S.K.: 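What follows is a structure written as structure tokens; I'll ask about it next.
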Number of protein chains: 2
Amino acid sequence: MHNLTVRYGSGVTDDLVLRRQVCFALYAASRALTDVYRPILDGLGLTYPQYLVLLVLGERDEAATVSALGECLHLDSGTLSPLLKRLEGAGLVVRRRSAADERRVEVELTAQGRALRERMADVPQQVARATGLATADLVALRDTLTRVTETIHRQKEQ
Amino acid sequence: MHNLTVRYGSGVTDDLVLRRQVCFALYAASRALTDVYRPILDGLGLTYPQYLVLLVLGERDEAATVSALGECLHLDSGTLSPLLKRLEGAGLVVRRRSAADERRVEVELTAQGRALRERMADVPQQVARATGLATADLVALRDTLTRVTETIHRQKEQ
DNA sequence: CCCAAATCAATTGTGCACAACTTGACTGTG
DNA sequence: CACAGTCAAGTTGTGCACAATTGATTTGGG
């Protein structure tokens, strides 16, 4: 029992202690899934967080503030400010100080940004296919994950 | 229908389009869970990836090479080299070129590293509790996630 | 009205992740 | 033995994440 590693299907060596931990499964799955996104999003010139920001902005008629985006994505200005600056540099969004409250910055898609968002339409299906799971499994997985996230955020407030 | 955002329990605003995507659920849950780890691991002076490396090393009698660690954790030398350098700087591991094959670097826990690993014993329970899920749910979640990860890695080889 | 507290975005600094490249070491074939 | 090809680890550069701080603005209580 001096060797606790196992070798399975994919040729990947993994560790039993590691495999027992949900956290590692979550960490590994999250990175594996962004690996699936990467080549697809590369074709659009986007990173995964940038893709998420465009998704949110595309659902709104009006502009979103940085903090509103942050609430949606659970990200702070330290992450979003440079990301938005890059999106602006790429001509996909515009940023301007709110007239009503000069602390706020309003972010909005440009015509080019809206055009790109159209091209994003079939990304979810492509990715879902790559997971190799049935739709029902994906829905169940998503709901469990959302439950975990909400439980954690709820407990943090107390 | 000009506002597609909803407000629920925790006071967090979220977006319907976002919530439909498994990938976002995975991304959000992964970061929420590392948020749970952070304060616990801070007390040990570790980051989450550093904690994972110590977990793997603690399961082995012998030293591990950088690439063996990379296979376990699905990380490359670009991530591991600086991380291991920091662990070495903290006195938790030692690194040395393999005598048999000088391309390889062997990594091993120091006495201090093994002592820290003892103190890591109850981290998983603390974290599992914070997720607010029953053990059976956690096991099911973990297995689904592992399945997703393995499916993705398997498809990437073809 | 005034000012202390709160709010918002940006910045700074640290530490992952990952692609692309470099350097040094091994391996197999002729 | 030579040497092309391969392999391991490290380095460089980009882009998140997140803590902590800064600076500008707004808000609310006295």
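The sequence lines fix the lettering, A, B, ..., with proteins before strands; numbering per chain opens at 1. Everything numeric in this text was worked out from a predicted model, so none of it was measured.
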S.K.: So do the side chains of B/L75 and A/R31 get within less than 4.5 Å of each other, counting heavy atoms only?
M.R.: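 With C-beta onward as the side chain, the pair touches.
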S.K.: Taking only Lys NZ, Arg NE, NH1 and NH2, and the carboxylate oxygens of Asp or Glu, determine whether B/E102 and B/R96 approach each other closer than 4.0 Å.
M.R.: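 Looking at B/R96 together with B/E102, the answer is no, because their closest N to O distance does not fall below 4.0 Å.
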S.K.: Rounded to the nearest angstrom, tell me the gap between atom CG in B/L73 and atom P in D/dA9.
M.R.: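 Going from B/L73 (CG) to D/dA9 (P), I get 14 Å.
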S.K.: When the distance from CZ of B/F24 to P of D/dA17 is rounded to whole Å, what number comes out?
M.R.: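 Atom-to-atom, B/F24 to D/dA17, this comes out as 11 Å.
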S.K.: Given D/dA17, is OP1 or OP2 found less than 4.0 Å from the side-chain N or O atoms of B/Y27?
M.R.: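 Answer is yes, contact under 4.0 Å.
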S.K.: With side chains defined as the heavy atoms from C-beta onward, is the minimum distance between A/L46 and A/L116 less than 4.5 Å?
M.R.: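 Side chain of A/L46 against side chain of A/L116, heavy atoms only: contact under 4.5 Å found.
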S.K.: Give every residue pair that meets the ring pair (Phe, Tyr, Trp, His ring centres under 6.0 Å) criterion with at least one member in residues 43-71 of chain B, sequence neighbours excluded.
M.R.: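 Output for this query lists A/Y27-B/Y48, B/Y37-B/Y48, B/Y37-B/Y51.
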S.K.: Runs of at least three consecutive Watson-Crick or G-U pairs, both distances under 3.5 Å, are what I'm after; which ones involve DNA chain D?
M.R.: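 Listed by first number, the stems are C:1-30 with D:1-30.
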S.K.: Between A/E88 and A/R95, does any NZ, NE, NH1 or NH2 come within less than 4.0 Å of an OD or OE carboxylate oxygen?
M.R.: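 Counted as a salt bridge, because a side-chain N and a carboxylate O are separated by less than 4.0 Å.
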S.K.: So do the side chains of A/L57 and A/L69 get within less than 4.5 Å of each other, counting heavy atoms only?
M.R.: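 The answer is yes, as the side chains (C-beta and beyond) meet within the 4.5 Å cut-off.
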S.K.: Round to a whole Å and report the spacing from CG of A/L46 to C1' of D/dC16.
M.R.: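 Atom CG in A/L46 sits about 14 Å away from atom C1' in D/dC16.
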S.K.: OP1 or OP2 of D/dA19 less than 4.0 angstrom from a side-chain nitrogen or oxygen of B/R38, does that happen here?
M.R.: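 So the side-chain polar atoms of B/R38 do come within 4.0 Å of the phosphate oxygens OP1 or OP2 of D/dA19, strictly under.
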S.K.: Kindly indicate whether the side chain of B/E108, heavy atoms from C-beta on, has any atom under 4.5 Å from the side chain of B/V93.
M.R.: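 The answer is no, as the side chains (C-beta and beyond) never meet within the 4.5 Å cut-off.
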S.K.: Tell me the interatomic distance from A/D42, atom CG, to C/dC18, atom C1', rounded to whole angstroms.
M.R.: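 From A/D42 CG to C/dC18 C1': 11 Å.
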S.K.: Please encode protein proximity along nucleotides 1-15 of chain C as a string of B, S and -, counting only heavy-atom distances under 4.0 Å.
M.R.: ------BSBBB---S
S.K.: Report the distance from atom CZ of A/R31 to atom P of C/dA19, rounded to the nearest whole Å.
M.R.: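 Going from CZ in A/R31 over to P in C/dA19 covers 11 Å.
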S.K.: Count I, L, V, M, F, W, Y as connected when their side-chain heavy atoms are under 4.5 Å apart, and connections chain through other members. Are B/L138 and A/I152 then in the same cluster?
M.R.: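 Result: yes, single cluster for both.
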S.K.: Could you check how far CG of B/L87 sits from P of D/dA9, rounded to whole Å?
M.R.: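 In whole Å, D/dA9 P and B/L87 CG are 16 Å from each other.
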S.K.: Are B/L44 and B/I40 connected in the hydrophobic side-chain network, where two residues link if heavy atoms are under 4.5 Å apart?
M.R.: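 Looking at the clustering, B/I40 is in the same group as B/L44.
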S.K.: Tell me the interatomic distance from A/L52, atom CG, to D/dA17, atom C1', rounded to whole angstroms.
M.R.: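 The answer, rounded to whole Å, is 14 Å.
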